[in-house]
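In what follows, a single structure is set out as structure tokens and then discussed.
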Amino acid sequence: MTDAPQDAVRDAVPDEVSDEATERVGSDADAPDAPDAPDAPDAPDASEGQEAAEDAAGPADGPVFEAADRRGRIVADAEGVRLSYDEEACEFRWDELAAVESAKGRFGKRFTVTVHTPDRRWYPIDLLAPDRGRIAAWEAELDAVLDAYFDDEAP
């Protein structure tokens, strides 16, 4: 009676599957000992190649606006505007924008940037500046980027 459950399990699993599983287990056991492990050497090479591609394709000249606090981040450059807040993020090319507006809080250190799209949607993000003087610098930097890249005369 003790052989019946083992025989039932052995009969339920096809021989092809068990052979493949055995081969995978054997190859996985050899992987850490192999000096050419694909995970370790490829990871740095891939990131270096990606950085080189970004440097070649990225804007070398022109203004860039970056502002961030502990939860949010705004980046505006030649490619467009990127907003991120906690785990949420969105990206807009310049031709996808109808307007970009900024506002500073009357009191405190709050800086708000709102991105408007032609389909009447808007995406606001609030950042807390380290001090009130930093808000003025952020506004000047954002204005320089908008003057350089945003075409407000487009229909």
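Below, each value reflects all heavy atoms present in this structure, side chains not excepted, and no hydrogens, waters or symmetry copies.
- For E91, the salt bridge (charged side-chain N to carboxylate O under 4.0 Å, His left out) criterion is met by no residue, not counting sequence neighbours.
- A distance-only check finds no donor-acceptor pair linking the side chain of D86 to the backbone of E88 [under 3.5 Å].
- Ring-plane geometry between F150 and W94 is classed as tilted, the angle between the planes lying from 30 to 60 degrees on a 0 to 90 degree scale.
- Scanning all heavy atoms of the two residues, the minimum distance from I125 to S84 falls at CD1-O, 3.2 Å.
- R121 pairs by the side chain to side chain contact (heavy atoms under 4.5 Å, CB included) definition with T117, D119, Y123, not counting sequence neighbours.
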Worksheet entry | W138/L127 under side chain to side chain contact (heavy atoms under 4.5 Å, CB included): CA gap, chis, key distance, verdict | CA-CA 11 Å; W138 282 349; L127 299 178; 4.1 Å; yes

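- Taking both residues in full, the closest heavy atoms of I135 and R110 are given as CD1-O, 3.8 Å, listed atom of the first, atom of the second, then distance.
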Worksheet entry | Worked verdict on F111 versus E139 for side chain to side chain contact (heavy atoms under 4.5 Å, CB included) | CA-CA 9 Å; F111 181 66; E139 282 188 317; 3.4 Å; yes

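- Residue L146 holds its CG atom at 12.0 Å from CG of D151, rounded to the nearest 0.5 Å.
- Cluster annotation: F92 is connected to V145 through the hydrophobic network of ILVMFWY side chains, with a link wherever side-chain heavy atoms come within less than 4.5 Å.
- Expressed to the nearest 0.5 Å, how far CG of L83 lies from CZ of R73 amounts to 11.5 Å.
- Taking every heavy atom of both residues into account, A98 and P118 meet most closely at CB-N, 3.7 Å.
- Residue V100 is grouped with residue Y85 when hydrophobic side chains (ILVMFWY) are merged at heavy-atom distances under 4.5 angstrom, including chains of intermediate members.
- A salt bridge links R134 to E141: at least one charged side-chain nitrogen sits closer than 4.0 Å to a carboxylate oxygen.
- Closest approach of R93 and L97 over heavy atoms only: O-CG, 3.6 Å.
- Side-chain contact between R82 and D77: present, with at least one pair of heavy atoms (C-beta onward) separated by less than 4.5 Å.
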